[in-house]
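To start, the structure itself, in structure tokens.
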Amino acid sequence: PVIVCSGTPTGVLRTDRQYRNFVFEMEFSHRKPGGNAGLFVWSDAICARGVPFTRSIEVQVMDGVESRLPDGRLRYTSQGDIFSIHGATMVPDRAHPEGWERCLPSEDRTKGAPAWNHYRVICVDGTIKLEVNGKEVSGGKDIKPRQGYICLESEGSPIWFRNMRIKTLPENRMLMPAPEMRAD
């Protein structure tokens with residue numbers, strides 16, 4: 001099955017229960033170039049006041065969009081940025097050039113619209129790691145909150161999601177390759 005989102009209006013779908021330690025996998029396909037979407041982890045149940053987004057850690061799911069500083073360094077990308085939003089906090093694996101709580105990916109591994117891309121997100125005891133199409137590219141630590149919902153967000157453009165799987169992990173587990181996945 002495929003979840004089809006038009007992107008209009010901006011919206012968030014969330015799991016029916018909260019997760020603390022887990023591995024989440026999904027595939028996504030932007031249906032038009034330049035699409036914008038996100039995956040929120042450790043999310044609150046309802047949106048932050050005045051916005052259609054929740055306090056959480058966002059794993060960026062954009063297509064072909066990036067912003068650069070005047071000196072050429074990246075400000076943000078569509079290749080798997082991870083960042084805190086609306087009151088969540090984190091320490092990025094690599095410092096952001098402007099000091100933001102945002103980890104820019106180590107390399108561009110995404111395929112443009114309408115190709116399918118695979119994200120594997122590992123969240124354990126306040127640490128997050130993102131693999132894009134089979135390789136780890138970004139992460140963060142000392143994250144708060146460390147428990148919450150998993151949400152899919154679509155923002156202004158059509159996107160499809162498929163092959164979503166959640167594997168819950170025990171607390172105080174070291175970040176290691178997760179065992180075989182199955183749908184919970």
Side-chain angles (χ1 to χ4, degrees), residues 3 10-28 36-62 76-106 109 117-132 134-155 161 163-184:
I3 295 176
T10 295
V12 176
L13 300 168
R14 71 170 172 85
T15 55
D16 62 350
R17 70 181 187 96
Q18 295 186 25
Y19 295 86
R20 181 175 176 92
N21 295 338
F22 60 92
V23 176
F24 179 78
E25 292 190 58
M26 71 172 188
E27 293 177 336
F28 63 89
N36 190 0
L39 169 67
F40 300 167
V41 298
W42 293 318
S43 173
D44 287 345
I46 58 173
C47 295
R49 186 180 186 104
V51 295
F53 311 108
T54 59
R55 177 185 70 144
S56 62
I57 299 302
E58 182 171 353
V59 179
Q60 189 68 71
V61 184
M62 289 171 58
Y76 64 82
T77 78
S78 56
Q79 319 309 331
D81 292 20
I82 296 178
F83 53 98
S84 58
I85 61 172
H86 299 291
T89 60
M90 70 172 257
V91 175
D93 282 355
R94 285 176 299 284
H96 188 275
E98 295 185 300
W100 298 352
E101 291 185 4
R102 185 181 199 115
C103 183
L104 299 173
S106 58
R109 303 219 12 110
N117 288 279
H118 179 264
Y119 272 13
R120 183 172 194 245
V121 181
I122 305 166
C123 295
V124 176
D125 295 329
T127 298
I128 186 170
K129 300 294 179 188
L130 169 64
E131 295 175 9
V132 177
K135 184 173 181 187
E136 183 180 306
V137 298
S138 52
K141 62 183 178 184
D142 299 330
I143 296 171
K144 292 182 183 153
R146 294 177 179 194
Q147 180 169 314
Y149 297 93
I150 299 169
C151 304
L152 300 175
E153 177 250 355
S154 62
E155 186 176 352
F161 298 98
N163 295 329
M164 290 169 281
R165 298 180 293 191
I166 301 169
K167 169 80 175 162
T168 57
L169 302 172
E171 291 190 34
N172 300 314
R173 179 188 169 105
M174 294 180 62
L175 285 179
M176 300 174 68
E180 286 297 311
M181 299 284 294
R182 73 179 200 306
D184 273 357

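Because only heavy atoms are used, hydrogens play no part in the values below, and waters and symmetry mates are left out as well, while side chains stay in. Residue numbers count from 1 along this sequence.
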Evaluate the side chain to side chain contact (heavy atoms under 4.5 Å, CB included) criterion for residues Val59 and Tyr119: first the C-alpha distance (whole Å), next the side-chain angles of each, then the deciding distance (0.1 Å), finally the verdict. CA-CA 9 Å; Val59 179; Tyr119 272 13; 3.6 Å; yes

Could you give me the CA-CA distance, side-chain angles and deciding distance for Thr89 and Asp142, then say whether side chain to side chain contact (heavy atoms under 4.5 Å, CB included) is met? CA-CA 8 Å; Thr89 60; Asp142 299 330; over 6 Å; no

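- Taking both residues in full, the closest heavy atoms of Arg109 and Val132 are given as NE-O, 3.1 Å, listed atom of the first, atom of the second, then distance.
- Listed by chain and residue number, nothing satisfies the side-chain hydrogen bond (donor to acceptor under 3.5 Å, both in side chains) test with Lys144 (two or more places apart in sequence, or in another chain).
- Sorted by first and then second residue, the pairs that involve residues 77-99 and meet ring-ring contact (aromatic ring centres under 6.0 Å, His included), not counting sequence neighbours, are His96-Trp100.
- Side-chain contact between Thr168 and Arg17: present, with at least one pair of heavy atoms (C-beta onward) separated by less than 4.5 Å.
- At a threshold of 4.5 Å between non-hydrogen side-chain atoms, the residues Met26 and Leu152 count as touching.
- A donor-acceptor pair is defined here as one N or O able to donate and one able to accept, closer than 3.5 Å; no such pair exists between the side chain of Trp42 and the backbone of Gly148.
- Across all non-hydrogen atoms, the minimal contact from Cys151 to Val12 is CB-CG1, 3.4 Å.
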Is there a side chain to side chain contact (heavy atoms under 4.5 Å, CB included) between Asp93 and Lys129 once you walk through the steps? CA-CA 9 Å; Asp93 282 355; Lys129 300 294 179 188; 2.8 Å; yes

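- When all heavy atoms are compared, the tightest approach of Phe28 to Phe161 is CB-CD2, 4.0 Å.
- Rounded to the nearest 0.5 angstrom, Ile128 CD1 and Ile82 CD1 are separated by 4.5 Å.
- No donor-acceptor distance shorter than 3.5 angstrom exists from the side chain of Arg55 to the backbone of Ala48, with no hydrogens or angles considered.
- Every residue two or more places apart in sequence or in another chain was checked for a ring pair (Phe, Tyr, Trp, His ring centres under 6.0 Å) with Phe40, and none qualifies.
- Of all heavy-atom pairs spanning Leu130 and Gly80, the tightest one is CD2-O, 3.4 Å.
- Partners of Glu58 under the side-chain hydrogen bond (donor to acceptor under 3.5 Å, both in side chains) rule, at least two apart in sequence or in another chain, do not exist in this structure.
- In this structure Glu136 satisfies the side-chain hydrogen bond (donor to acceptor under 3.5 Å, both in side chains) test with no other residue, sequence neighbours excluded.
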Let's go through Arg94 and Leu104 carefully: what are the C-alpha distance in whole Å and the side-chain angles of both, what is the deciding distance for side chain to side chain contact (heavy atoms under 4.5 Å, CB included) to 0.1 Å, and is it a yes or a no? CA-CA 7 Å; Arg94 285 176 299 284; Leu104 299 173; 5.6 Å; no

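- In plain terms, the two heavy atoms of Met62 and Tyr76 that are nearest each other are CE-CE1, 4.2 Å.
- Inter-residue side-chain proximity for Arg20 and Asp125 is flagged as met; some heavy-atom pair is nearer than 4.5 Å.
- A distance of 12.0 Å separates CE of Met90 from CD1 of Ile85, quoted to the nearest 0.5 Å.
- Between the Thr77 side chain and the Gln79 main chain, a donor and an acceptor come within less than 3.5 Å of each other.
- Residues Pro170 and Asn21 are not in side-chain contact: their nearest non-hydrogen atoms beyond the backbone lie 4.5 Å or more apart.
- Met164 has its side chain out of reach of Ile150: every pair of non-hydrogen atoms, C-beta onward, lies at least 4.5 Å apart.
- For Asn36, the side-chain hydrogen bond (donor to acceptor under 3.5 Å, both in side chains) partners at least two apart in sequence or on another chain are Gln60, Glu155.
- Rounded to the nearest 0.5 Å, atoms CD (Glu25) and CZ (Arg165) are 4.5 Å apart.
- The two residues Glu153 and Phe53 have their closest heavy-atom pair at OE2-CE2, 3.1 Å.
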